[in-house]
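By convention here, the first residue in the shown sequence is residue 1. Numbering of ligands and ligand atoms starts at 1, following listing order. Side chains are part of it too, since the values below use all heavy atoms of this structure and drop only hydrogens, waters and symmetry mates. Everything quoted here is computed from the prediction, not taken from an experiment.
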Amino acid sequence: MTEYTQIFKGTAFSSTSPKEVQTLKDYLFFINADGTIEKVVAPEHIDYQTLLDTYQDNENFHQLADGQYFLPGFIDLHVHAPQWAQSGTALDIPLYDWLNKYTFPIESKFSDLDFAKEVYEDLVSTLLANGTTTSLYFATVHKEASLLLAEICAKKGQRGLVGKVVMDDPEQNPDFYRDADTQTALADTEEFILAVKELAKSTKQGVYPVVTPRFIPSCTDGALKGLGELAAKYDTHVQSHCSESDWEHGYVQDRFKKNDAFALHDFGLLGDKSVMAHSNFLNDADAELFAETGTAVGHCPISNAYFANSVIPIAHLHSKGVDIGLGSDVSGGFSPSLFDNARQAVMSSRMLEDGVNTALAAEKRGVPNSRITINEAFYLATAGGGESLSLPIGRLEENYTWDAQIIDTKIASAKLPIFDKNEDLNDIFQKIMYLVRPENISEVWVQGNKVHERTK
Ligand code: GUN
Ligand code: FE
């Protein structure tokens with residue numbers, strides 16, 4: 001008989017396509033020693049009752065209580081870990097000023113490993129408590145503190161993809177916060193990649209080094225070229241910011257006479273394991289290049305409302321075949337919750353579709369066919385994120401990892417408004433997506449291990 005490390009019984013929601021969420025009512029999930037879902041069994045299956053009889057009295061059998069549901073763990077495609085220390089502040093100024101007045105000064109403090117430890121431990125715990133089981137992180141320029149973030153993810157059980165940030169251009173970055181020079185930036189990145197690969201050998205859920213040019217404006221051509229070569233040499237993930245705001249998009253057009261997408265491609269930075277944050281100003285040729293190369297968009301809807309001067313046309317990019325996931329962009333986005341970001345993704349898309357300027361006639365106000373549904377936003381936070389990272393995560397299906405959140409709709413301090421004992425499960429799913437607060441997330445599992453449990 002196969003040994004399973006954990007067996008779960010309950011009702012789960014999981015995406016089967018961007019628009020469709022499947023309800024798996026009272027299913028059994030069998031988890032193997034790797035933390036992978038080895039078998040999923042529906043109540044209609046002929047072996048269901050026999051399996052239940054065999055396992056239900058075991059210590060490792062977990063049956064959800066009435067009012068509890070499984071969701072896949074969320075995948076945050078864009079978190080600036082050091083910026084957690086300034087979350088919610090200074091959101092009233094443009095991107096360029098925000099970076100120079102607030103963000104670079106706070107990030108420079110992460111040369112202090114004690115400070116880094118305090119902030120990073122708090123952030124990783126907070127993200128887990130919010131249901132985020134995988135995060136794609138920007139750390140800072142500091143090699144040691146970046147490695148510390150990977151170690152904290154490893155220790156706390158989160159799947160962390162971590163980048164040491166490169167910003168080497170002395171013309172564009174302040175003296176108090178940048179790489180010493182191009183060669184040092186590349187050498188530090190290579191050492192960082194090797195150290196995280198070493199750490200990964202003893203980390204069940206995986207930690208991954210990520211090649212991370214902050215964005216084109218902060219990097220010299222030499223650094224961008226060298227980083228493309230390192231990504232190829234070590235087959236790493238790559239992340240950056242792409243076509244985020246009018247200022248940033250314009251800067252790249254002035255420097256390279258092309259858009260970010262093609263400029264990044266010239267340096268070997270686009271590929272199946274590349275995730276580009278924001279990407280609001282992609283034109284159709286850029287989107288086709290993303291689709292061809294397998295490059296994903298990390299959509300950060302809350303941050304975009306402050307810094308991107310625009311609403312990204314998510315529905316259009318999906319129709320072009322671009323992989324898309326969701327990002328909090330802490331702290332350009334103030335919230336560490338992908339529930340909050342999923343809600344904003346839907347609301348922003350509705351505002352894009354209808355338009356916002358009441359001085360214009362209704363038919364001239366918006367961009368038709370731009371709305372996305374809450375099902376699509378859920379897909380972005382789960383399966384879309386997994387596809388963006390080319391990892392088997394984000395779905396509660398066989399051969400995916402057991403990364404899951406247990407949602408409790410009945411806890412006293414945050415009870416969901418469910419009054420009908422036979423309420424349609426699709427309606428319950430929508431209530432979960434719109435109304436859940438961190439208190440409702442009673443347990444979080446990554447790769448078959450429990451990594452968070454709500455304490456009353
Ligand atoms: N572009 C370059 N750096 C950053 C950053 O930290 N946040 C955001 N939103 N955009 C950036
Ligand atoms: Fe960002």
Side-chain angles (χ1 to χ4, degrees), residues 76-110 119 123 127 135-142 146 149 161-169 171-174 177-179 210-220 223-224 227 238-252 255 260 263-264 269 274-281 296-312 325-336 338 341 344 348 388:
D76 192 332
L77 288 188
H78 191 53
V79 189
H80 293 272
Q83 295 177 22
W84 179 231
Q86 65 170 10
S87 230
T89 64
L91 292 170
D92 298 320
I93 53 176
L95 179 62
Y96 182 87
D97 300 329
W98 177 81
L99 287 172
N100 285 288
K101 283 198 192 137
Y102 292 90
T103 304
F104 295 161
I106 192 102
E107 290 191 16
S108 73
K109 291 190 184 166
F110 285 72
V119 176
L123 172 65
L127 289 170
S135 290
L136 176 56
Y137 290 107
F138 277 59
T140 59
V141 297
H142 316 102
S146 303
L149 174 58
L161 298 92
V162 181
K164 173 226 146 358
V165 176
V166 169
M167 34 198 297
D168 70 317
D169 188 346
E171 303 284 308
Q172 295 295 327
N173 301 298
Y177 186 55
R178 62 174 161 80
D179 294 287
V210 185
V211 160
T212 307
R214 183 174 202 115
F215 62 162
I216 288 175
S218 63
C219 294
T220 61
L224 293 166
L227 289 175
V238 176
Q239 62 182 343
S240 193
H241 295 86
C242 175
S243 296
E244 178 180 3
S245 65
D246 285 318
W247 162 71
E248 188 275 332
H249 186 58
Y251 169 94
V252 175
R255 177 162 148 195
D260 288 47
L264 291 162
L269 293 163
S274 299
V275 176
M276 294 299 150
H278 308 293
S279 307
N280 282 52
F281 290 90
V297 168
H299 173 34
C300 306
I302 295 182
S303 170
N304 285 354
Y306 294 93
F307 294 120
N309 313 119
S310 59
V311 174
I312 182 176
L326 205 57
S328 64
D329 195 21
V330 157
S331 69
F334 55 79
S335 173
L338 285 192
N341 276 281
Q344 185 66 49
S348 293
S388 297

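Atom 3 (N) of ligand 1 has its closest protein heavy atom at R214 NE, 2.8 Å. Taking atom 10 (N) of ligand 1 as the reference point, the nearest protein heavy-atom neighbour is E244 OE1, 2.7 Å.
Checked against a 6.0 Å centroid threshold, the rings of H78 and H278 count as neighbours.
For Y102, the OH atom is loosely surrounded, since the number of other residues' heavy atoms within 6.0 Å does not exceed 12.
The Fe ion (ligand 2) is closest to atom NE2 of H78 (considering only N, O or S atoms). The nearest N/O/S atom of D329 to the Fe ion (ligand 2) is OD1.
By the 30° and 60° cut-offs, the orientation of the rings of F104 relative to Y177 is tilted.
In terms of polar-atom proximity, defined here as any N/O pair under 3.5 Å, Q83 does make such a contact with ligand 1.
A donor-acceptor distance shorter than 3.5 angstrom exists from the side chain of T103 to the backbone of W98, with no hydrogens or angles considered. Under a 3.5 Å cut-off, the side chain of T140 and the backbone N or O of H142 do form a donor-acceptor pair.
Atoms of ligand 1 found under 4.0 Å from any heavy atom of H278, numbered from 1 in the order shown, are 9 (N). Within ligand 1, the atoms closer than 4.0 Å to a non-hydrogen atom of H80 are 5 (C), 6 (O), 7 (N), numbered from 1 in the order shown.
Within the model, atoms NE2 of H80 and CG of L123 stand 12.0 Å from one another, a figure rounded to the nearest 0.5 Å.
Proximity annotation for atom 9 (N) of ligand 1: of I216, N304, D329, V330, D329 comes nearest, heavy atoms only.
Distances shorter than 4.0 angstrom do not occur between any heavy atom of F138 and any atom of ligand 1.
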